[in-house]
Amino acid sequence: ECTAEQAYVHSEGRAVFASGSPFPKYEGFGRTYEPGQGNNAYIFPGVSLGVICTGVHHIDDTVFLSAAEGLAEMVTDDDLEVGRLYPPLKDLREISIKIATKVAEEAYKLGTASTYPEPQDKEKFIRDQLYDYNYDRALPPVYQWPKQAFAKL
């Protein structure tokens, strides 16, 4: 194993680098590299979300293949330009939703989903299942009594 800097230096800037641990940006060979992380934090949250939402009972290789394809589709030219193999980890929530959508599409296509009826808009269906920790109000509304209610009769 090596650091991102070692990979870039020893390959004269030609390395494509990802690691399970974060590394700082590296400047050299006339450009700036932003080494990405390559670990299960990308795949497993989205796979789990897709499997739970669609009720898949048997997780086979096609689930992980569709997750990998979904992740690959999210890599932009900007990511590649700075030497990243994956989208930024800060976008993990959106990445997970997109992967879950891809898993759901594959599950319904293969007949391994058990949640019916099949949602037409799978991404919306998955977003609707997410926990929303933002409450409108924790307390019930309070109304002011009219002043005349306190006046003596």
A.B. asks: With sequence neighbours excluded, what pairs up with Glu118 under the salt bridge (Lys or Arg N to Asp or Glu O under 4.0 Å) test?
C.D. replies: Lys122
A.B. asks: I need the full list of salt bridge (Lys or Arg N to Asp or Glu O under 4.0 Å) pairs touching residues 3-16, with sequence neighbours left out, sorted by first then second residue.
C.D. replies: Glu12-Arg14
A.B. asks: Indicate yes or no: at least one non-hydrogen side-chain atom of Gln6 is less than 4.5 angstrom from one of Thr3.
C.D. replies: yes
A.B. asks: Which pairs with one or both residues in residues 45-57 pass side chain to side chain donor-acceptor pair (under 3.5 Å), sequence neighbours excluded?
C.D. replies: His57-Ser114
A.B. asks: Does any part of the side chain of Ile95, heavy atoms only, come nearer than 4.5 Å to the side chain of Leu89, both counted from C-beta?
C.D. replies: no
A.B. asks: I'd like to check Leu92 versus Pro87 (side-chain heavy atoms, cut-off strictly below 4.5 Å). Are they in contact?
C.D. replies: no
A.B. asks: Sequence neighbours left out, what passes salt bridge (Lys or Arg N to Asp or Glu O under 4.0 Å) with Arg93? Give chain and number order.
C.D. replies: none
A.B. asks: Find out whether Val103 and Glu105 are in side-chain contact, i.e. whether some heavy atom of one side chain is under 4.5 Å from a heavy atom of the other.
C.D. replies: no
A.B. asks: What pairs of residues pass the salt bridge (Lys or Arg N to Asp or Glu O under 4.0 Å) test when at least one of them lies in residues 62-76, not counting sequence neighbours?
C.D. replies: Glu73-Lys102
A.B. asks: Between Ile99 and Ile43, is there a side-chain heavy-atom distance shorter than 4.5 Å?
C.D. replies: yes
A.B. asks: For residues 65-103, which residue pairs qualify under ring-ring contact (aromatic ring centres under 6.0 Å, His included), counting only residues two or more places apart or in two chains?
C.D. replies: Tyr42-Tyr86
A.B. asks: Side chains of Ile52 and Gln129: closer than 4.5 Å at any heavy-atom pair?
C.D. replies: no
A.B. asks: Can you confirm whether Asn134 is buried at CG, in the sense that more than 12 heavy atoms of other residues, nucleotides or ligands lie under 6.0 Å from that atom?
C.D. replies: yes
A.B. asks: For Asp91, which residues count as a salt bridge (Lys or Arg N to Asp or Glu O under 4.0 Å) partner, sequence neighbours excluded?
C.D. replies: none
A.B. asks: Once salt bridge (Lys or Arg N to Asp or Glu O under 4.0 Å) is applied, what residue pairs with a partner in residues 37-64 remain, sequence neighbours excluded?
C.D. replies: none
A.B. asks: List the atom pairs, with distances to 0.1 Å, where a side-chain N or O of residues 19-32 and a protein N or O form a donor-acceptor pair under 3.5 Å, not counting sequence neighbours.
C.D. replies:
unit_1: Ser19; atom_1: OG; unit_2: Ser21; atom_2: N; d: 3.2
unit_1: Ser19; atom_1: OG; unit_2: Ser21; atom_2: O; d: 3.4
unit_1: Arg31; atom_1: NH2; unit_2: Glu81; atom_2: O; d: 2.3

A.B. asks: Decide yes or no for Phe17 and Tyr33: does some side-chain heavy atom of the first lie under 4.5 Å from some side-chain heavy atom of the second?
C.D. replies: no
A.B. asks: Identify, with sequence neighbours excluded, every residue that meets ring pair (Phe, Tyr, Trp, His ring centres under 6.0 Å) alongside Tyr133.
C.D. replies: none
A.B. asks: Side chains of His58 and Thr112: does their closest heavy-atom pair fall under 4.5 Å?
C.D. replies: no
A.B. asks: Pairs in or reaching into residues 104-130: which pass ring-ring contact (aromatic ring centres under 6.0 Å, His included), with residues at least two apart or in two chains?
C.D. replies: Tyr108-Tyr116
A.B. asks: With sequence neighbours excluded, tell me which residues meet salt bridge (Lys or Arg N to Asp or Glu O under 4.0 Å) with Asp78.
C.D. replies: none
